[in-house]
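Reckoned from all heavy atoms, side chains included, excluding hydrogens, waters and symmetry mates.
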Amino acid sequence: MQAPSVGGVMLPRGNGEAIRLSRGASLTDFAEKINANPASLVAVMMNLGEMVTATQSVSDETLQLLAGEMNYTVQIVSPEEEDRELLESFDLEFGEDEGSEEDLVVRPPVVTVMGHVDHGKTRLLDAIRKTNVIAGEAGGITQHIGAYQVATEVNEEDRKITFIDTPGHEAFTAMRARGARSTDIAILVVAANDGVMPQTVEALNHAQAADVPIVVAVNKIDVEGADPTKVRGQLTEYGLVAEEFGGDTMFVDISAKQGLNIDSLLEAVVLTADASLDLRANPTQDAQGISIESRLDRGRGAVATVLVQRGTLRVGDTMVVGDAYGRVRAMLDDNGNNVAEAGPSTPVQVLGLTNVPGAGDNFIVVDEDRTARQIAEKRAARERNAAFAKRTRRVSLEDLDKVLKAGEIQQLNLIIKGDASGSVEALESSLLQLDVGEEVDIRVLHRGVGAVTESDIDLAMGSDAIVIGFNVRAAGRAAQMAEREGVDVRYYSVIYQAIEEIEAALKGMLKPEYEEVELGTAEIREVFRSSKLGNIAGVLIRSGEVKRNTKARLLRDGKVIAESLNIVGLRRFKDDVTEIREGFEGGINLGNFNDIKVDDVIATYEMREKPRV
């Protein structure tokens, strides 16, 4: 069966069969799947009111719209499935333990600390690792994620626990969720004096969605008003029932500030892991895992913190992490010491990658550098296409003329540079979620890790973009170049401050909204005729004040006779004045409008800009 022809070309019509396409696919990719001419699909999209070129990466919605028109269904391949298929093409597989049962050994549990802001997550981590991380953080908020390992003793046996340190601010919901997915156990921190708060519920939802066991740390038991029993009762409503209430969730009352019961909390984590999870991995296979955090170091290049999930990572291995690859030149543990190898559940910093990978990217060790490069390049191309499709603004033919008019749709262009990939990703995600109406669009032209460079300033000059530096500064001559060219470079050390300022800038780009404000009313007591000025109203100001050069309307017997009149002239006795206040008399000239009578009322008003909320 054929679809109606477009431009004289007959198009194939499906029978509802599914077409698999990757994110950011083009019309050419679609055409290849159904054996059609890409140009004809462009014509179909024009008929549907979409301006799309044949090779342009388009959104999932656009692909589904086109498929529906031609009686196909589109299955967008998920990023995880894309990556699995990519690795399978190289005879590789991620996420599986190789070998037999005898090859598996017990590994330490991986733990994420979650909870409401100010409930003491960072102080708890500080108490656990006996170092002060708060002092180096702006605003007392964890700015990027890392990982480290601690040792504890349970039943006279030495056990290790790996902690993934996730940010504590609500702007990092996506990163917190990702942390839960890479986690075996979540510690939910709840302040005994505050109880369950909105972010407590948010963190709990993330942990439950990731299907990980939860240990509750009831913090601040030394604070006045602390009520640990109340916390247990509140969390019962969310499915966390304490063991003493007949449930299976371990609650530990602690004071991170005083260092009380920290060992009990670590013991609870180990016992929960032993009871609920089968934490084993094969240390003899090629290493696999995820990138926790990465940054660009001036002396060492790209530095990535990775968590080995299975296998053993060794110095000299060739690894590919997201769209970065390279041979491991050196590995450092969480104390900065050089290590030769890292087994399952061990976090290490890796040196030797070509570029900075993203937080949450998986890594895999391969045999050859060439294989690693090919996988990285294919991943980079895939992510680039998906990003282009995401950034594409859909414009229909109906509003094309409106879009082209200057000022109808405004766009704020941003370039984001930061000290760590996780922070840059979280900042970009938060900014793109800002919603201040349809009139203004926000677009991130470029994001990266490292100092603000001259090439960033060049890009900003060509696109009228604002450069955001998060915990980084301009390098070399970039600062002088920005000042000389008038490029706006903003530096921040606290993420929510950047979000607030950009939101304010967006609101400033919106067209102003005006509201009418009544100024005063004047009752006409007498009408004077002037051959030069026309009719002049002798008035008594009944309320407010009447100002010259403001708008007015004329009311007669309570009905509006005339709108949008202008107070052209205003006199008191023989003097011209700018305003007359309540209780005083004067003369008003309404310009060319002369239909005024005694007892008419002149109501004056002005249009004032409404502040955006």
Side-chain angles (χ1 to χ4, degrees), residues 113 115-126 129 131-148 164-176 179 199 292-300 302-305 349 356 358-359 412-434 442 444-454 456-457 460 465-476 478-483 487-506:
V113 179
H116 189 78
V117 68
D118 292 334
H119 276 199
K121 297 183 301 297
T122 303
R123 194 175 288 278
L124 172 58
L125 291 167
D126 176 33
R129 59 184 161 177
T131 57
N132 187 0
V133 296
I134 299 179
E137 293 172 359
I141 292 174
T142 312
Q143 293 295 345
H144 25 157
I145 59 178
Y148 59 93
I164 294 180
D165 182 5
T166 56
H169 191 263
E170 66 266 26
F172 303 124
T173 300
M175 288 173 64
R176 193 183 294 130
Q199 284 181 339
I292 299 298
E293 182 54 290
S294 45
R295 57 190 171 85
L296 198 60
D297 187 279
R298 177 173 291 183
R300 300 184 295 176
V303 179
T305 302
Q349 283 192 331
V356 178
L412 179 63
N413 294 326
L414 298 175
I415 296 170
I416 303 175
K417 297 299 287 289
D419 61 335
S421 58
S423 300
V424 172
E425 183 179 330
L427 179 55
E428 180 188 27
S429 174
S430 298
L431 292 175
L432 291 176
Q433 289 174 17
L434 290 177
I442 187 168
V444 177
L445 299 180
H446 172 63
R447 65 178 172 98
V449 176
V452 177
T453 63
E454 291 179 52
D456 296 325
I457 305 301
I466 294 173
V467 181
I468 295 177
F470 183 74
N471 280 337
V472 296
R473 311 293 291 186
Q480 293 88 341
M481 183 179 177
E483 186 174 351
V487 173
D488 189 5
V489 182
R490 307 283 183 100
Y491 299 110
Y492 301 98
S493 58
V494 178
I495 282 191
Y496 58 73
Q497 181 184 353
I499 296 168
E500 288 173 358
E501 288 199 15
I502 296 301
E503 185 174 20
L506 280 171

Output all residues satisfying salt bridge (charged side-chain N to carboxylate O under 4.0 Å, His left out) with E454, sequence neighbours left out; order by chain, then residue number.
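By the salt bridge (charged side-chain N to carboxylate O under 4.0 Å, His left out) rule, E454 matches R477.
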Task: Intermediate values then yes/no, side chain to side chain contact (heavy atoms under 4.5 Å, CB included), I457 and V489 - done: CA-CA 9 Å; I457 305 301; V489 182; 4.0 Å; yes
Check your understanding: Considering residues at least two apart in sequence or located in another chain, which fulfil the side-chain hydrogen bond (donor to acceptor under 3.5 Å, both in side chains) criterion with R473?
Key ->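 Applying side-chain hydrogen bond (donor to acceptor under 3.5 Å, both in side chains) to R473 gives none.
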For the atom pair [atom1] ([X]) and [atom2] ([Y]), what is the distance rounded to the nearest 0.5 Å?
{"X": "K417", "Y": "I468", "atom1": "NZ", "atom2": "CD1", "result": "12.5 Å"}
{"X": "E500", "Y": "L434", "atom1": "CD", "atom2": "CG", "result": "10.5 Å"}
{"X": "I442", "Y": "N413", "atom1": "CD1", "atom2": "CG", "result": "9.5 Å"}
{"X": "D297", "Y": "Q349", "atom1": "CG", "atom2": "CD", "result": "9.0 Å"}
{"X": "L414", "Y": "R490", "atom1": "CG", "atom2": "CZ", "result": "10.0 Å"}
{"X": "L427", "Y": "L432", "atom1": "CG", "atom2": "CG", "result": "9.5 Å"}

Kindly give the heavy-atom pair with the smallest separation between [X] and [Y], and that separation in Å.
{"X": "I416", "Y": "V424", "result": "CG2-CG1, 4.0 Å"}
{"X": "S294", "Y": "A304", "result": "CB-CA, 3.8 Å"}
{"X": "I499", "Y": "S430", "result": "CD1-CB, 3.5 Å"}
{"X": "K121", "Y": "H116", "result": "NZ-O, 3.0 Å"}
{"X": "A460", "Y": "V467", "result": "CB-CG2, 3.8 Å"}
{"X": "A479", "Y": "A474", "result": "N-CB, 3.7 Å"}

Original post:
Counting only heavy atoms not in E483, do more than 12 sit closer than 6.0 Å to its CD atom?
Top reply: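 Result for CD/E483: open.
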Worksheet item: How far apart are the C-alpha atoms of V113 and L125, what are their side-chain angles, what is the distance that settles it, and do they pass the side chain to side chain contact (heavy atoms under 4.5 Å, CB included) test?
Response: CA-CA 8 Å; V113 179; L125 291 167; 3.7 Å; yes
4.5 Å side-chain heavy-atom contact, Q199 and H119 |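 When only atoms from C-beta onward are counted, H119 and Q199 do not touch, as no gap falls below 4.5 Å.
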Item to complete: May I ask you to test the I164-I292 pair for a side-chain heavy-atom distance under 4.5 Å?
Response: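 Of all side-chain heavy-atom pairs linking I292 with I164, at least one is under 4.5 Å.
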With sequence neighbours excluded, residues passing ring pair (Phe, Tyr, Trp, His ring centres under 6.0 Å) with Y148:
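For Y148 the ring pair (Phe, Tyr, Trp, His ring centres under 6.0 Å) partners, ignoring immediate neighbours, are F163.
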inquiry  = Please determine whether side chain to side chain contact (heavy atoms under 4.5 Å, CB included) holds for the pair F470 and I495, giving the CA-CA distance in whole Å, both sets of side-chain angles, and the decisive distance to 0.1 Å.
reply    = CA-CA 8 Å; F470 183 74; I495 282 191; 3.2 Å; yes
Quiz question: by atom type and distance under 3.5 Å, do the side chains of S429 and Q433 form a donor-acceptor pair?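 Short answer, yes.
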**Request:** Begin with the C-alpha distance, continue with both residues' side-chain angles, and end with the deciding distance and a verdict on side chain to side chain contact (heavy atoms under 4.5 Å, CB included) for V356 and R295.
**Result:** CA-CA 6 Å; V356 178; R295 57 190 171 85; 5.8 Å; no
